[in-house]
Amino acid sequence: MKIIKYTYKFRLEPTQEQKTLLNKHFGSVRWTYNYFLNQRKQEYLNNKKSLNYYDQAAELTQIKKTNEWLKEINSQTLQYSLKCLDTAYQGFFNKRTQFPKFKSRKSKNSFTIPQSVRYDKTKLIIPFFLEGIEMIMERKINGDIRRATISKTPTGKYFVSILTEQEY
């Protein structure tokens with residue numbers, strides 16, 4: 001028996017309140033990624049050392065105590081952005097990719113929810129959105145949901161990509 005991963009992509013129709021909270025998520029994830037990318041860059045330039053995910057995750061906890069606006073965001077989402085930064089950094093040092101770039105708000109915005117993702121009929125239910133975000137579902141989701149990535153295009157449309165694992 002094999003396990004295959006499959007992704008479903010659906011359009012989201014958030015309310016105005018949900019759009020505001022989604023935009024806070026996009027901004028906080030982007031700020032976290034850029035802040036810690038800059039920190040890693042400075043550490044390497046000054047001390048020829050590279051920080052790792054665990055150092056920065058511990059610091060993120062401290063930063064959240066002084067920056068109240070980061071508490072409005074799901075903590076696993078912020079930690080996942082640090083994992084993405086760590087993966088990008090490792091890819092660069094292993095000569096697989098280019099140096100990580102800073103994220104811009106003018107391009108596609110996205111964030112990933114690594115756990116606690118579910119749906120109820122036509123609503124996506126994630127942390128901080130317990131009433132559910134309206135989802136236009138063209139097909140049924142099969143398999144166990146592993147994570148979801150919410151994105152906003154430059155034209156202002158919202159989408160969710162749901163990663164599942166299925167036995168084959």
Side-chain angles (χ1 to χ4, degrees), residues 3-39 53-54 56-88 100-167:
I3 293 185
I4 60 170
K5 293 183 180 185
Y6 194 80
T7 303
Y8 298 88
K9 187 171 184 177
F10 302 112
R11 174 95 186 261
L12 293 176
E13 295 290 338
T15 63
Q16 202 56 46
E17 277 182 16
Q18 291 172 337
K19 285 180 182 180
T20 302
L21 189 53
L22 285 170
N23 288 331
K24 287 181 181 181
H25 275 72
F26 296 134
S28 297
V29 166
R30 183 178 53 250
W31 182 87
T32 302
Y33 184 92
N34 289 343
Y35 177 85
F36 286 105
L37 173 57
N38 185 56
Q39 186 184 60
Y53 166 78
Y54 301 102
Q56 292 186 319
E59 186 175 344
L60 177 61
T61 305
Q62 297 305 314
I63 288 174
K64 283 181 75 171
K65 291 178 183 175
T66 58
N67 294 312
E68 293 291 320
W69 53 274
L70 284 174
K71 292 182 181 176
E72 297 177 36
I73 310 306
N74 179 14
S75 61
Q76 285 112 6
T77 299
L78 295 175
Q79 290 167 359
Y80 193 82
S81 73
L82 285 180
K83 285 184 181 180
C84 290
L85 173 61
D86 194 54
T87 301
K101 294 180 179 163
F102 290 98
K103 293 187 180 279
S104 168
R105 69 174 169 204
K106 294 179 183 173
S107 62
K108 184 173 107 174
N109 289 290
S110 67
F111 67 91
T112 300
I113 305 101
Q115 61 189 34
S116 303
V117 178
R118 56 188 168 79
Y119 71 99
D120 181 27
K121 295 181 184 167
T122 61
K123 292 196 179 235
L124 176 70
I125 301 167
I126 56 175
F128 290 81
F129 295 89
L130 299 179
E131 73 281 358
I133 303 171
E134 194 65 37
M135 185 169 53
I136 301 171
M137 294 181 68
E138 299 91 20
R139 60 191 181 270
K140 185 179 177 227
I141 298 174
N142 296 317
D144 297 327
I145 296 175
R146 293 294 169 218
R147 66 176 173 250
T149 300
I150 296 180
S151 59
K152 178 184 174 187
T153 64
T155 59
K157 295 177 183 172
Y158 295 85
F159 293 92
V160 61
S161 294
I162 300 174
L163 177 71
T164 63
E165 286 185 353
Q166 303 171 21
E167 291 183 2

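Note that the numbering runs from 1 along the sequence shown for the chain. All heavy atoms count here, side chains included; hydrogens, waters and symmetry mates do not.
Listed by chain and residue number, Trp31 satisfy the ring-ring contact (aromatic ring centres under 6.0 Å, His included) test with Tyr35 (two or more places apart in sequence, or in another chain). For Tyr33, the ring-ring contact (aromatic ring centres under 6.0 Å, His included) criterion is met by no residue, not counting sequence neighbours. Residues that satisfy the side chain to side chain donor-acceptor pair (under 3.5 Å) test with Gln76, not counting sequence neighbours, are absent from this structure. Remark: Thr66 engages no residue in a side chain to side chain donor-acceptor pair (under 3.5 Å) (not counting sequence neighbours). Residues passing the side chain to side chain donor-acceptor pair (under 3.5 Å) test with Gln79: none are found, sequence neighbours excluded. The salt bridge (charged side-chain N to carboxylate O under 4.0 Å, His left out) test applied to Arg105 returns no partner, not counting sequence neighbours. For Glu131, the side chain to side chain donor-acceptor pair (under 3.5 Å) partners are Gln18, not counting sequence neighbours. With sequence neighbours excluded, the residues satisfying side chain to side chain contact (heavy atoms under 4.5 Å, CB included) with Thr77 are Val29, Asn74, Phe111, Ile113. Annotation: salt bridge (charged side-chain N to carboxylate O under 4.0 Å, His left out) contacts of Lys157 (sequence neighbours excluded): none. Legend: residues meeting ring-ring contact (aromatic ring centres under 6.0 Å, His included) with Phe10, ordered by chain and number and at least two apart, are absent.
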What donor-acceptor contacts under 3.5 angstrom involve side-chain atoms of residues 138-149, with partners at least two apart or in another chain?
| from | atom 1 | to | atom 2 | distance (Å) |
| --- | --- | --- | --- | --- |
| Arg146 | NE | Glu165 | OE1 | 3.1 |
| Arg146 | NH2 | Glu165 | OE1 | 3.4 |
| Thr149 | OG1 | Thr112 | OG1 | 3.0 |

For residues 119-128, which side-chain N or O atoms pair as donor and acceptor with protein atoms under 3.5 Å away, sequence neighbours left out?
| from | atom 1 | to | atom 2 | distance (Å) |
| --- | --- | --- | --- | --- |
| Thr122 | OG1 | Glu134 | OE2 | 2.9 |

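Annotation: the span from Thr153 atom OG1 to Phe159 atom CZ amounts to 6.0 Å, rounded to 0.5 Å. Here Thr32 contributes atom OG1 and Tyr80 contributes atom OH; the two are 15.0 Å apart, rounded to the nearest 0.5 Å. The NZ atom of Lys24 lies 4.0 Å from the CD atom of Glu72; values are rounded to the nearest 0.5 Å. The structure places NE2 of His25 at 11.5 Å from OG of Ser81, a figure rounded to the nearest 0.5 Å. The structure places CG of Leu21 at 10.0 Å from CZ of Phe26, a figure rounded to the nearest 0.5 Å. To the nearest 0.5 Å, atom CD of residue Glu59 and atom CD of residue Gln39 are 4.0 Å apart.
Judged by the 6.0 Å distance and 45° axis criteria, Lys83 is positioned over the aromatic ring of Tyr53.
Taking both residues in full, the closest heavy atoms of Ile150 and Leu12 are given as CG2-CD1, 4.1 Å, listed atom of the first, atom of the second, then distance. Between Ser104 and Ser107, the shortest heavy-atom contact is O-OG, 3.3 Å.
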### Task
Check the pair Thr87, Leu85 against side chain to side chain contact (heavy atoms under 4.5 Å, CB included), reporting the backbone distance first and the verdict last.
CA-CA 5 Å; Thr87 301; Leu85 173 61; over 6 Å; no
#### Entry: Derivation of the side chain to side chain contact (heavy atoms under 4.5 Å, CB included) call for Tyr158 and Lys19
CA-CA 9 Å; Tyr158 295 85; Lys19 285 180 182 180; 3.8 Å; yes
### Task
Check the pair Leu163 / Tyr6 against side chain to side chain contact (heavy atoms under 4.5 Å, CB included), numbers first and verdict last.
CA-CA 6 Å; Leu163 177 71; Tyr6 194 80; over 6 Å; no
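Within 6.0 Å of CZ in Arg118 there are 12 or fewer heavy atoms belonging to other residues, nucleotides or ligands.
Within the 4.5 Å cutoff, no side-chain heavy atoms of Tyr54 are placed close to those of Leu82. Residues Pro14 and Leu22 meet the side-chain proximity criterion, which asks for heavy atoms closer than 4.5 Å. Here the side chains of Thr7 and Thr164 are not in contact, with every heavy-atom distance at 4.5 Å or above. The shortest distance between side-chain heavy atoms of Trp69 and Ser28 falls below 4.5 Å.
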